[in-house]
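For reference, the structure discussed in these notes is given below.
Chain naming here is simple, since letters A, B, ... match the order of the sequence lines and numbering starts at 1 in each. Both backbone and side-chain heavy atoms feed into the values below; hydrogens, waters and symmetry mates do not.
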Amino acid sequence: MGGSERPPYPPGARRAPGDPGRSSIDAQATCRTNPGRSWIDGVLARLERERVFKWLPFVPVQGLFALLLLPNALLLVYLSFLSWRITRGAWWNAPFTGLDSFLGALGDERFLWAVGRTFGFAAVAVPLELLLGFGLALLCREPFRGRRIYTTVFLLPMMIVPAVVGYDLSMLLIDQGPFNQVLSVLAGRPITVRWLSDYTAAKLAVIGADVWQWTALTFLVFVSGLAGLPRDPIRAARVMGANRWQIFWHVELPLLKPVIAIAVVLRSMEALKIFDYPMLLTQGGPGNSTETIAVYLWRMGWEFARVSDAAAMSLILLVVVSVYIFIAIRVLRRERRRLAEEAAP
Amino acid sequence: MAAVRLEGLTKLFASTRAVDAIDLAVPDGEFVVLVGPSGCGKTTTLNMIAGLETPTAGDIWIGEARVTDWEPRDRNLGMVFQSLALFPHLSVFDNIAFPLRIKKVPEADVAARVQAVAETTRIAPLLRKRPATLSGGEAQRVALARTIVVKPAVFLMDEPLSSLDAKLRVEMRTELKRLHAQLSATFIYVTHDQAEAMTMADRIVVMHQGRIHQMGPPLQIYADPANRFVAGFFGVPAMNFLDGEVVAEGSDLRFSAAGLRPKLPAPRTATRGPTTLGVRPEHVRLGDGADASPATVSLIEPLGDETLVFLDYGAPVSLVAKVDAEDKVAVGDRRPFTLRPDRLIFFDSAGGRLR
Amino acid sequence: MAAVRLEGLTKLFASTRAVDAIDLAVPDGEFVVLVGPSGCGKTTTLNMIAGLETPTAGDIWIGEARVTDWEPRDRNLGMVFQSLALFPHLSVFDNIAFPLRIKKVPEADVAARVQAVAETTRIAPLLRKRPATLSGGEAQRVALARTIVVKPAVFLMDEPLSSLDAKLRVEMRTELKRLHAQLSATFIYVTHDQAEAMTMADRIVVMHQGRIHQMGPPLQIYADPANRFVAGFFGVPAMNFLDGEVVAEGSDLRFSAAGLRPKLPAPRTATRGPTTLGVRPEHVRLGDGADASPATVSLIEPLGDETLVFLDYGAPVSLVAKVDAEDKVAVGDRRPFTLRPDRLIFFDSAGGRLR
Amino acid sequence: QAVSGTTADERAINGAKAYLKSKGLTSLKLNMMMPSIFTAGSTGEMANFEKETGIGVNYFEVGILQIQAKAMSEAVAKSGSFDFWIGDPISLPDLVEAGLVRPIDDLVARGKPDLDDVVAGFVEQGRYKGKTYGMFGDGDNWIMVIRKDLINAPGEKQKFKAKYGWEPGCPDTYEQWYQLAEFFTRDPKGTGVPELYGAMGYRARGWGWRWWLQQFYAKGGMPFDDNMKPLIAGKEGVEALKDYIALTKFMPKDILGWATPQAYPFYAGGNAFSIMTYPSIAIAAEHPEKSKIAGKNRYCVVPGYMVNGKLVRRSLQGFGNLLYVSNYSKHPEAAYWLSQYLTSKEVSARLVSGPNSVWDPYMKSHLTDPRVIKARTKEMLEIHLKNAQVTAPMILIQGAVEYNDVLDQHVQEALLGKLTPEDALNRTAAAWEKITNQLGRKAQIDGWKALKPAFPTKNVPD
Amino acid sequence: MMRRRLFGVARHAGLLVWMAITLAPIYWMVMTSFKHSGEWVTWPPRWVPHEPTLINYVKVLTPGTSTFELGRQTLKILKPLWDSLFIATTASLVAVALGSALAYSWTRFGTGGRRYPYNILSIRMVPPIVIAVPFVVYYVTLRLLDTYTGLILVYLATSLPYVIWMMLAFIEEVPVELEHAARVMGASRFRVLGRIVLPLTAAGLVVTFLFVFILNWSELLLAMTLTNTEVSTIPITLNKFQSANEGRDYGPQAAIGTIATLPVVVLGFLIQKHLVRGFSFGLLRK
Ligand SMILES: Nc1ncnc2c1ncn2[C@@H]1O[C@H](COP(=O)(O)OP(=O)(O)OP(=O)(O)O)[C@@H](O)[C@H]1O
Ligand SMILES: Nc1ncnc2c1ncn2[C@@H]1O[C@H](COP(=O)(O)OP(=O)(O)OP(=O)(O)O)[C@@H](O)[C@H]1O
Ligand SMILES: [Mg+2]
Ligand SMILES: [Mg+2]
């Protein structure tokens with residue numbers, strides 16, 4: 001509006017008519033020489049140009065991925081189309097059998113069970129961790145006496161090597177061990193659950209190990225999230241007549257959604273890799289009741305030497321996981337985008 | 001509907017006396033503005049009224065009830081926050097519906113009432129939007145709508161306009177005044193902006209360091225400040241303060257400071273000796289006269305309709321005069337000036353008003 | 001020392017034309033204020049001058065050099081940011097010393113220069129403190145000191161006062177003006193506050209939607225705006241805009257809108273038909289007269305020295321008049337008014353000025 | 001170019017020295033992978049060898065169940081990061097096929113190790129498809145131990161005889177073992193946590209299947225027919241599995257998670273009446289300080305079943321370590337000489353009788369060696385070598401690890417009541433068929449046929 | 001008032017229960033590390049060693065051959081301890097350096113596209129077992145198997161996603177004006193990084209470092225796959241002795257566990273204050 005009439009330009013500032021104006025990219029290409037600087041400064045000055053500078057960290061990182069992960073991915077795919085076992089000569093000589101390994105994998109009940117079981121573990125352990133972590137974080141929310149001690153202690157488990165956790169629990173969970181002792185005292189009668197060798201209890205032990213250790217992380221994430229909640233909307237809700245529960249449900253929880261999302265994503269992505277606890281606590285047993293994907297694939301590859309089958313299973317697993325990854329990332333993106341939008345005005 | 005009364009209200013944070021035994025009675029339907037510099041305890045006072053902070057001592061009455069230890073939700077208040085505190089995850093509609101739903105109003109009524117209030121506040125077209133996509137003024141209206149919708153008897157507002165830009169602030173304060181007229185509810189409004197206080201208040205309460213320094217209608221506070229703090233706080237640019245002393249010169253009393261000795265109006269009972277004279281820029285008149293003092297223009301600030309002229313008259317601090325924009329003044333001009341004798345006020349060295 | 005010249009400067013962010021081919025020449029030593037509403041491209045322009053953004057097209061000259069593709073550090077500029085951008089991890093001293101140390105000034109000189117500049121800006125006692133513990137005004141001075149210490153030829157300031165409260169803002173702008181006088185450097189100052197622009201600028205550049213709408217000294221911009229946008233942007237409260245049309249009544253030209261028909265000064269060449277009339281509140285006079293229109297007072301806002309009177313004269317939007325505080329007006333009064341004929345300006349429906 | 005020397009260990013030393021000289025070296029460090037459990041008992045002798053020859057060992061320890069995985073990964077890596085290792089015979093066929101194990105027939109011919117002194121059947125464990133791949137070093141056929149003090153306690157014999165009709169002692173059959181276990185399980189307070197458990201065996205994942213296999217062999221069962229059709233799901237298998245499960249109820253509850261390190265101290269602590277396990281139990285059970293039951297044990301020939309009216313006893317070569325030489329070693333010969341040294345009559349006797357040893361007697365000469373007798377008791381040694389006569393091998397064919405893992409899984413599921421014994425074994429059989437088909441039936445038949453001579457011909461030892 | 005007090009009591013009760021659950025296993029481990037073998041497994045279990053001893057520590061820390069009593073195992077913990085420390089520290093440091101530089105570049109310039117951090121995160125979601133076998137094949141050809149470099153590179157790749165995500169949050173908190181100010185004052189971009197961004201994100205860097213250090217210090221599967229004789233880490237060492245059915249020499253292993261836990265816990269204590277800030281991954285409203 002009002003552009004019909006532009007103010008007169010100061011003399012000398014007027015651009016020649018028809019001059020399209022040089023693009024600044026052209027301008028940058030002509031490097032400015034600055035006498036009196038050493039060549040190091042020269043190099044640094046070049047690196048400092050935004051279009052160079054911003055790529056600097058990407059060179060090593062993308063290089064690492066390209067050299068480390070990419071060849072592996074390709075190799076994995078290639079191996080899955082062969083029928084190679086370690087016991088059958090060199091892999092490059094192995095016969096090409098197309099989709100056989102994949103069909104075999106899909107027909108392998110034990111594999112399917114391991115997949116289901118792993119997702120099952122995650123489906124039990126992750127919500128438990130989230131609920132516990134969240135509950136504890138809520139309890140530790142406002143200042144009170146002893147809060148620092150609690151927080152410190154609650155964070156301890158995640159600083160312990162999972163292998164140590166596995167080992168430690170294997171000691172606590174034995175038949176005549178301290179855990180059953182405590183349970184017996186609480187129950188008032190002898191409790192002799194075979195935590196490591198009962199079909200169901202062993203699953204609980206593995207889940208318990210995961211929950212014991214990683215509730216610390218969800219706790220931390222939620223404490224972090226709660227501490228960062230904006231005060232005013234909550235106060236507004238209070239004045240509007242909401243009680244604690246309503247505030248929690250209608251205000252705080254929705255505001256925490258992004259944090260909950262990241263906690264869910266982080267924990268479930270780690271839980272799907274679960275390997276250490278079953279390996280250390282039960283060796284996948286009793287029966288196969290705690291054999292997770294990772295444990296089974298470990299066996300498949302290194303004990304049964306069936307590399308191509310393992311590769312095919314890995315790829316199937318990847319497809320399954322990428323559905324999950326896809327959803328997880330969509331959720332995260334949505335939450336972050338929304339946050340960015342809210343931060344804008 | 002509901003008067004609000006504070007009795008000896010006090011709040012201590014550790015050793016800070018955030019609010020120091022204040023007494024205040026706000027009659028039903030009044031628009032009271034609490035004003036004062038940052039940190040003077042306005043927000044704390046408001047929060048105590050709302051029930052968001054527990055008083056260390058004192059009582060709060062709303063209507064007939066002593067609500068000091070009631071939960072906020074039982075007090076039937078509306079509150080607007082500086083940050084607006086819209087719920088970012090809810091649409092405008094849901095934001096406004098929130099207090100209704102909390103109160104379990106039937107969903108059909110909710111829609112009707114939200115619609116109605118949205119129309120009053122002129123945000124009906126925005127109901128589907130998210131708070132993040134609103135402009136400052138729109139968000140402000142939503143915050144108001146959300147407060148109005150439950151028809152509280154008392155409105156508390158904590159610097160609700162301070163996040164808006166100057167232009168919008170001016171518009172919104174008119175709207176708020178209109179709203180107050182419509183609702184005939186009690187408004188307690190907090191700001192540190194004296195212009196807002198002046199333009200909106202039925203009565204202004206000036207706070208400083210946790211205490212009330214003056215209460216009264218805006219023009220009274222402007223024209224007749226209780227002490228130097230209040231005098232300095234109101235008015236842009238601020239009142240000029242000149243340190244000097246009152247001396248007798250024959251039958252006249254004169255104020256003597258640096259290069260000037262204005263005559264004082266006759267019936268002054270104030271003691272002689274060191275005093276501070278206060279005079280507002282609009283009461284400094286350029287132009288020769290009987291009692292004029294000489295000065296040089298050191299700086300001018302055109303405001304458009306008026307111009308601020310900074311006068312060097314020998315003291316370290318310039319005297320500011322507000323003159324009509326059509327009065328052509330240039331830096332370096334020698335311009336004598338006079339002070340409007342009927343508008344001079346005096347303070348003792350502790351800042352207390354001398355009458 | 002250094003003039004600044006922008007030639008066809010353009011910046012695109014994706015599809016947003018943040019700055020749209022602006023040309024501007026700032027002579028050495030001038031205090032230029034870029035003003036305009038939020039998002040009009042002021043910051044982007046300043047950032048391009050500083051070298052913090054790369055222009056999409058166009059050139060920047062500082063002094064004799066074309067600096068378009070220079071790194072910021074080679075441009076010898078000082079810049080003050082809205083957020084002040086004090087380094088929170090450094091003491092005040094180290095903040096001020098930062099640019100010196102970056103330039104490898106010997107440590108002994110550093111101390112001396114920091115001390116000197118701290119004295120000019122009156123922050124010498126604060127040197128040991130951390131930025132977080134400073135008050136708004138102090139932090140402001142530190143930011144200035146840090147910029148001044150290296151004696152740049154050009155100062156860029158991006159709303160440096162907007163985080164301060166109203167009172168302090170008024171004080172600081174005086175200080176900035178003084179500083180400019182002392183340093184005799186080129187100042188390019190960005191603000192969206194028209195009052196700041198008016199009071200500080202040697203020359204104001206009004207931007208809107210990435211383009212320059214008007215350039216000129218403050219009072220020219222105030223009195224003779226190039227278009228409706230500029231007219232509306234300057235002045236608090238804003239200019240009154242009345243939609244109507246210019247009609248001939250005998251030999252007179254009259255403006256006809258809702259309930260009023262003021263006579264226009266004679267030599268108007270403007271076409272008849274739908275126009276918008278603009279009149280500033282201070283040019284609305286209360287009181288009967290030859291050409292007076294009847295109106296009712298719908299709202300008053302006392303500002304202390306003056307009072308805003310909102311007049312209902314039949315149109316949906318009230319007319320605002322600024323009257324002296326001593327003029328006693330009450331809501332509901334019937335008060336006829338006149339418009340100062342020599343101060344009426346007209347705009348076409350696209351907002352362009354009709355002369 | 002045979003090596004000189006009168007004894008196998010001397011020849012090993014001389015061979016090693018000659019090898020060093022031929023390579024122009026004065027000393028050499030070999031890398032050795034070994035189950036962590038073996039290190040302590042072996043390092044002394046390796047140090048001796050180094051003193052004699054200059055060839056020493058850096059050993060790197062691996063969990064006993066991870067040896068296979070590590071070896072497989074080396075088969076892929078071909079890095080030569082270790083020269084030789086201790087592993088169990090089950091992995092032999094797979095590792096040979098994977099190209100990791102070096103055949104040592106050439107070196108055996110030169111060094112003439114004490115192979116003829118090794119108890120019959122054990123030597124076979126180191127051979128595959130007609131070649132020798134590993135020196136045998138650990139006589140891991142099982143033995144049974146019961147508590148003679150408890151049997152001899154006043155009144156017990158009579159009570160037992162009154163109940164079961166036979167004089168309590170070493171059981172001849174699994175049925176008798178069951179009766180002993182039932183009788184001696186003592187839970188006077190009825191807490192469900194007995195003070196004395198009647199029996200112990202291994203039931204954990206990775207181990208339990210071996211105890212079933214032993215029982216299955218004693219039933220006269222064979223895992224495959226000549227066409228590699230699985231036979232385990234027949235009557236013998238199911239009955240053996242039922243008995244195997246039944247006996248478990250007299251064992252500590254946690255037995256499902258236990259292996260040697262838990263079982264030995266538990267038994268040595270006097271908590272159980274009987275145990276079927278590796279011969280090295282004797283060291284734990286007779287330990288003068290750590291054992292509460294030293295001198296109170298009776299060693300038994302393993303029990304069996306009446307098959308067609310005749311008693312069949314079967315022990316199982318349930319682990320048994322081989323010293324493997326890696327194909328990718330830079331000094332396979334040096335590694336071989338050390339293997340020969342460790343498995344010579346003299347040195348093996350020292351190893352077997354060492355205080356920390358888990359090496360079990362496997363040579364005829366051990367029976368008469370006073371050091372061994374001192375460590376293990378004469379009685380135990382005699383019984384041990386008797387057991388050797390009825391010792392059957394595990395399923396040492398290609399894919400053994402997978403065959404066994406599948407078996408293990410199903411046996412455990414039956415044990416846990418998840419599957420009926422019939423079901424468990426049928427599923428195992430089906431899975432075995434799949435494995436066999438995958439590996440190639442023909443090759444598997446050959447492998448199976450080659451293993452058959454390793455099965456004992458005697459049903460009861462002399 | 002009454003309700004508030006009741007809530008206080010209930011809160012403590014709840015928190016104490018979880019505290020007990022958290023501490024009991026740790027307590028048990030530490031206590032076991034001071035127990036003689038006779039007290040490892042008893043009924044009723046011994047919560048306090050009757051005759052406390054340091055023998056377990058002596059055993060695991062004595063270089064060379066040390067002999068376990070029952071399982072008759074030997075263990076040299078010092079080398080794995082050193083290896084773990086070296087590998088985890090190096091990998092975490094490099095990851096933090098590269099990852100935060102990358103996060104910086106992404107936050108400030110959007111380098112790599114809007115999806116970049118998400119793509120990176122999906123790398124972390126791939127179970128490591130999936131790539132374990134090809135990794136060995138690949139590493140053999142690169143001669144990286146069983147080397148420090150090999151393990152460091154893998155850990156670097158797998159911890160980068162976490163570094164990037166955590167650092168995003170911290171970098172986004174640094175006002176870009178600070179950097180602008182420094183640049184206008186004459187600082188180069190590199191100096192801006194060193195003098196402004198680094199000190200202001202220091203807490204974040206430390207927290208991030210700690211977190212990925214924990215992950216790298218604890219990783220088992222890849223370590224087991226990619227090492228042989230030359231390199232050994234703490235989790236592998238532990239695993240050697242505690243596979244479900246094998247050696248459980250409780251005392252010495254408790255000592256190893258305690259030793260392995262100590263450095264991380266100490267580190268954690270030191271930066272506990274900052275931990276809370278670091279774990280919202282930039283997903284909080286400001
Ligand atoms: N939660 C708190 N803990 C400790 N001190 C506090 C707390 N809240 C406020 N204060 C202190 O109490 C005093 C009054 O604070 P209050 O927020 O009421 O001031 P205010 O007048 O609202 O200021 P502003 O205009 O900046 O909002 C200040 O000194 C402040 O530092
Ligand atoms: N980095 C960016 N990416 C995309 N768009 C941008 C970016 N920076 C600015 N813009 C857009 O460019 C336009 C001009 O922005 P600029 O910050 O220059 O405005 P401004 O006049 O300084 O406003 P304010 O008064 O709010 O600071 C706006 O529409 C803004 O949204
Ligand atoms: Mg406040
Ligand atoms: Mg801006």
Without swapping roles, check the side chain of [X] against the backbone of [Y] for a donor-acceptor pair under 3.5 Å.
{"X": "E:Tyr162", "Y": "E:Phe211", "value": "no"}
{"X": "E:Glu179", "Y": "E:Val192", "value": "no"}
{"X": "E:Glu219", "Y": "E:Ala223", "value": "yes"}
{"X": "A:Thr290", "Y": "A:Gly284", "value": "yes"}
{"X": "E:Trp106", "Y": "E:Gly113", "value": "yes"}
{"X": "A:Thr215", "Y": "A:Trp212", "value": "no"}
{"X": "A:Tyr167", "Y": "A:Leu280", "value": "no"}

Inset, instruction - Determine, for A:Arg147 against A:Glu142, whether the closest basic-nitrogen to carboxylate-oxygen distance falls under 4.0 angstrom. - result: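 The answer is no: the pair does not qualify as a salt bridge.
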Inset, instruction - Answer yes or no: is there an ion pair linking A:Glu270 with E:Arg124, defined by an N-O contact shorter than 4.0 Å? - result: yes
Report which part of [X] has an atom under 4.5 Å of a heavy atom belonging to chain A: side chain, backbone, both, or neither.
{"X": "E:Leu262", "result": "neither"}
{"X": "E:Arg115", "result": "both"}
{"X": "E:Ile164", "result": "neither"}
{"X": "E:Leu15", "result": "both"}
{"X": "E:Thr32", "result": "side chain"}
{"X": "E:Tyr116", "result": "side chain"}
{"X": "E:Ile21", "result": "both"}

Checking [X] against chain E: side chain, backbone, both or neither under 4.5 Å from a heavy atom?
{"X": "A:Arg145", "answer": "backbone"}
{"X": "A:Leu56", "answer": "side chain"}
{"X": "A:Leu64", "answer": "side chain"}
{"X": "A:Thr151", "answer": "both"}
{"X": "A:Leu74", "answer": "neither"}
{"X": "A:Phe65", "answer": "side chain"}
{"X": "A:Val295", "answer": "neither"}
{"X": "A:Val165", "answer": "neither"}
{"X": "A:Ala310", "answer": "neither"}
{"X": "A:Met313", "answer": "neither"}
{"X": "A:Leu44", "answer": "both"}
{"X": "A:Leu297", "answer": "both"}
{"X": "A:Ala263", "answer": "neither"}
{"X": "A:Leu139", "answer": "both"}

Legend entry - Interatomic spacing from CZ in E:Phe135 to CG in A:Asn72 - rounded to 0.5 Å: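 So the gap between those two atoms works out to 4.5 Å.
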Legend entry - Over 12 non-hydrogen atoms of neighbours within 6.0 angstrom of CZ in E:Phe109: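 Check passes, neighbour count above 12.
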Inset, instruction - For E:Tyr118, enumerate each residue passing the side-chain contact (heavy atoms from CB on, under 4.5 Å) test, keeping only those at least two apart in sequence or located in another chain. - result: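 Per chain and number, E:Tyr118 pairs via side-chain contact (heavy atoms from CB on, under 4.5 Å) with A:Ile329, A:Leu332, A:Arg333, A:Arg336, E:Trp165.
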Highest number of heavy-atom pairs under 4.5 Å with chain E: which of [options]?
{"options": "A:Leu68, A:Val61, A:Val221, A:Leu172", "value": "A:Leu68"}
{"options": "A:Val223, A:Leu79, A:Val321, A:Thr152", "value": "A:Thr152"}
{"options": "A:Val265, A:Asn180, A:Leu156", "value": "A:Leu156"}
{"options": "A:Val307, A:Leu266, A:Val182, A:Leu315", "value": "A:Leu266"}
{"options": "A:Leu138, A:Leu47, A:Leu169", "value": "A:Leu47"}
{"options": "A:Arg148, A:Gln62, A:Met159", "value": "A:Met159"}

Inset, instruction - Just say parallel, tilted or perpendicular for the rings of A:Phe53 and E:Tyr104, cut-offs at 30° and 60°. - result: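 Taking E:Tyr104 first and then A:Phe53, their aromatic rings stand perpendicular (interplane angle over 60°).
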Inset, instruction - Examine E:Lys35 relative to E:Trp47 and say whether NZ or CZ is less than 6.0 Å from the centre of the six-membered ring and inside a 45° cone about the ring axis. - result: no
Of the listed residues ([options]), which shares the most heavy-atom pairs with chain A below a 4.5 Å separation?
{"options": "E:Leu98, E:Leu16, E:Thr22, E:Val264", "result": "E:Thr22"}
{"options": "E:Val137, E:Leu215, E:Ile131", "result": "E:Val137"}
{"options": "E:Pro45, E:Ser122, E:Gly268", "result": "E:Pro45"}
{"options": "E:Val154, E:Leu121, E:Thr225", "result": "E:Thr225"}
{"options": "E:Pro263, E:Ala260, E:Ser188, E:Gly110", "result": "E:Ser188"}
{"options": "E:Gly257, E:Gly99, E:Ser100, E:Gly14", "result": "E:Gly257"}

Legend entry - Residue that, paired with A:Ile293, satisfies side-chain contact (heavy atoms from CB on, under 4.5 Å) out of A:Ile274, A:Leu272, A:Leu317: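 One option only clears the test, and that one is A:Leu317.
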Inset, instruction - Would you check if the distance from the ring center of A:Trp84 to the ring center of A:Trp92 is below 6.0 Å? - result: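 No, the ring centres sit 6.0 Å or more apart.
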Inset, instruction - Answer yes or no: is there a side-chain heavy-atom contact under 4.5 Å between E:Pro235 and E:Trp217? - result: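 Counting from C-beta outward, E:Pro235 and E:Trp217 never come under 4.5 Å.
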Inset, instruction - Answer whether the closest heavy-atom distance between the side chains of E:Arg108 and A:Lys54 falls below 4.5 Å. - result: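 No, side chains not in contact.
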Legend entry - Distance-only polar pair, side chains of E:Thr111 and E:Ser105, donor-acceptor under 3.5 Å: yes
